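Structure first, then comments.
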Amino acid sequence: MLDQNVKPLNLKDPSLLETRAYVNGCWVENDTTFAVTNPANGEVVAHVADLDVADTRAAIDAAYDAKAGWAEWTGKERAAVLRKWFDLMVENVDDLATILTAEMGKPWPEARGEILYGASFIEWFAEEAKRVYGDVIPGHQRDKRIVVLKQPVGVVGSITPWNFPNAMIARKVAPALAVGCTFVARPAELTPLSALAMAVLAERAGIPAGAFNVIPSTDAAGVGQELCANEKVAKITFTGSTRVGKILMRQCSDTIKKMSLELGGNAPFIVFDDADLDAAVEGAMIAKFRNNGQTCVCANRIYVQAGVYDAFAAKLKERVQALNVGDGFAEGVTTGPMINEAAVKKVEAHIADALEKGAEVIEGGARSDLGGTFFQPTVLTGVTPDMVVSREETFGPLAPLIRFEDEDDVVRLANDSEFGLAGYFYSRDIGRIWRVGERLETGMVGVNTGLISTEVAPFGGIKQSGLGREGSKYGCDDFLEIKYMCLGGIG
Ligand SMILES: NC(=O)C1=CN([C@@H]2O[C@H](COP(=O)(O)OP(=O)(O)OC[C@H]3O[C@@H](n4cnc5c(N)ncnc54)[C@H](OP(=O)(O)O)[C@@H]3O)[C@@H](O)[C@H]2O)C=CC1
Ligand SMILES: O=C(O)[C@H](O)CS(=O)(=O)O
């Protein structure tokens, strides 16, 4: 459904730019709409239906009414439509990337990469759909037989952030649908278009009405409260800040809802003096500046052992200088705008606090001359653990370098955080690799790599970075209930 009041995007298939909600297999308009704007230039990309709590209830009812029928499909039948959905995502990858860059700002090649990353979860769980096995347990008495069934939990409510508007939904909806759950997705207000384009392709793939619903809304708190409180919703899956994760946990306690939480991070990135320094610099560039530093697994603290600190800082400065800040649609741009003014102000506050406490800027340090929410990729040296940048997630293009002396010291520093999502380190000493890998208090560890996100591995954190795992052979577990049947009287 095209919006007549804005400049159309350059799409091969304009029908992918959907602005209506998708509920119970129907495209739903609303009297009230909200504008989605391009963070690179403030231009309106589209006006999207703005759903409310009553609409949320209707979407939950649709998912609830659809769940029995969807669960009756065999795993193989569900696999077939998920595979078709994957194929359609790949066939339309360029248009989906254009829509994503327009609403979120990331450079088009990076947006294209996100679409393929999101699609990889749909491909993976299309395969897993056929392998939701139970167990047969040897009876504890001669006349007893025991079988274990794995059954879909039912209706799943999903709340996702703006930074990966396709992949964060795909990483949740794919396992949910694969095992026979139905799904109500509320995307971030800033980036609903990617989710709606996914729904267009889900419908084309043959995913039945009510199985997958997308409810764009400006009322995050109200929709969230309804998803958490409604007894027809069996589970909430959330990706976003720890602050909001705690709100949702409290709201889910009244109905003891199952929850999967992918929350905030404060990833340590450690460079030991035995590291391959060039590899460590490349790893730091990915771990820090991917998505303009707006990912939960971004390196937030970069610890460099004293013997290689100056060399590493010089090399990193040189690589950061080569980053090209600009509009995500422009050729050769590596770094788009930040999502909004609040995000820029947080980076500026972290820099100001660090400078006040003695740190130095060796690269960047201020807003870009491009204006708006463009910010210079920045490197700080002389950072210490007492600075705010060491304790709070920056969620922006700021690389703080912290000097350390020995292994025990840096592991203690790295673990001194309420977060535990990802951690990274570079070393070529196999003993150190095992010691540090085992001692880091995180859900995921990158060793001699700065990029750990893949559909084949279990993504998730410990401490206040969340609950549960997404992706991998473990990814279905959070959407399944285990039931056992004890069959007696068999003699
Ligand atoms: N662990 C992970 O994989 C990820 C973690 N994050 C973390 O999220 C933060 C940045 O992302 P950001 O989007 O700002 O995070 P937020 O937690 O602010 O928002 C995440 C989602 O929750 C919604 N939301 C906000 N308030 C409520 C509420 N009271 N009830 C229900 N839903 C609500 C938002 O809606 P709206 O945006 O419309 O207000 C958005 O859709 C960082 O801390 C980052 O680390 C982000 C991405 C991935
Ligand atoms: O939203 C996020 O930060 C994602 O989890 C990042 S990733 O999956 O692309 O690493």
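Remember, predicted model here, so these are calculated numbers, not experimental data. First listed ligand is number 1; within each ligand, the first listed atom is number 1.
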Item to check | Any donor-acceptor pair under 3.5 Å from K235 side chain to V156 backbone | outcome: no

Checklist entry - Would you say N163 has any N or O atom under 3.5 Å from an N or O of ligand 1, going by distance alone? => result no

Item to check | Protein heavy-atom partner closest to atom 42 (C) of ligand 1 - residue, atom, separation in Å | outcome: E393 OE1, 3.2 Å

Checklist outcome for this item: Residue, atom and distance of the protein heavy atom nearest atom 33 (C) of ligand 1 read V244 CG1, 3.6 Å

Next on the checklist: Using a 6.0 Å distance limit plus a 45 degree cone around the ring axis, check whether R301 lies over the aromatic ring of F269.
Outcome noted: no

Checklist outcome for this item: In this structure, atom 14 (O) of ligand 1 is nearest to the protein heavy atom W162 NE1, 3.4 Å

Next on the checklist: For the backbone of M338 and the side chain of Q294, can you confirm whether one donor and one acceptor N or O come within less than 3.5 Å of each other?
Outcome noted: no

Next on the checklist: Evaluate R186 for polar contact with ligand 1, using N/O atom pairs at a separation under 3.5 Å.
Outcome noted: yes

Next on the checklist: Just to be sure I understand the cut-off, which residues have at least one non-hydrogen atom under 4.0 angstrom from an atom of ligand 2?
Outcome noted: Y117, N163, F164, M168, R171, R290, T295, C296, V297, S453, F459

Checklist entry - Can you find an N/O atom of M168 closer than 3.5 Å to an N/O atom of ligand 1? => result no

Checklist entry - Parallel under 30°, tilted from 30 to 60°, perpendicular over 60°: which one fits the rings of F121 and Y117? => result perpendicular

Next on the checklist: Donor-acceptor pair, distance only, cut-off 3.5 Å: does the side chain of N292 make one with the backbone of G336?
Outcome noted: yes

Checklist entry - On the ring face of F312, is K315 found with NZ or CZ under 6.0 Å from the centre and within 45° of the axis? => result no

Item to check | Any donor-acceptor N/O pair, K463 side chain to T442 backbone, under 3.5 Å | outcome: no

Next on the checklist: Distance under 4.0 Å to a non-hydrogen atom of A188: what atoms of ligand 1 satisfy this?
Outcome noted: 37 (O), 38 (O), 41 (O)

Next on the checklist: For F479, does the six-membered ring have the charged nitrogen or CZ of K172 within the cation-pi criterion, i.e. under 6.0 angstrom from the centroid and within 45° of the normal?
Outcome noted: no

Item to check | Flag, side chain of N300 to backbone of T394, donor-acceptor distance under 3.5 Å | outcome: yes

Item to check | T239 N/O to ligand 1 N/O under 3.5 Å | outcome: no

Checklist entry - Using 30° and 60° as the class limits, which term best fits the ring planes of F395 and W162: parallel, tilted or perpendicular? => result perpendicular

Item to check | Polar atom proximity, S217 to ligand 1 (N or O, under 3.5 Å) | outcome: no

Checklist entry - At what distance is the nearest protein heavy atom to atom 1 (N) of ligand 1, and which residue and atom is it? => result L263 O, 2.4 Å

Next on the checklist: Could you check, using the six-membered ring where one of them is a Trp, whether W85 and F125 have ring centers closer than 6.0 angstrom?
Outcome noted: no

Checklist entry - What protein heavy atom is closest to atom 44 (C) of ligand 1, reported as residue, atom name and distance in Å? => result F395 CE1, 3.2 Å

Checklist entry - Under 4.0 Å from any heavy atom of R171, which atoms of ligand 1 are there? => result 3 (O)

Item to check | For atom 39 (O) of ligand 1, the option (of S158, P187, A220) bearing the nearest heavy atom | outcome: A220

Checklist entry - Is the closest N or O pair between T160 and ligand 1 shorter than 3.5 Å? => result yes

Checklist entry - Which of the numbered atoms in ligand 1 are below 4.0 angstrom from a heavy atom of L421? => result 1 (N)

Checklist outcome for this item: Heavy-atom proximity to atom 16 (P) of ligand 1 ranks first, among S241, G224, P216, for S241

Checklist entry - T242 to ligand 1: N or O pair under 3.5 Å? => result no

Checklist entry - Got E110 and T101 here, is their nearest side-chain heavy-atom distance under 4.5 Å? => result no

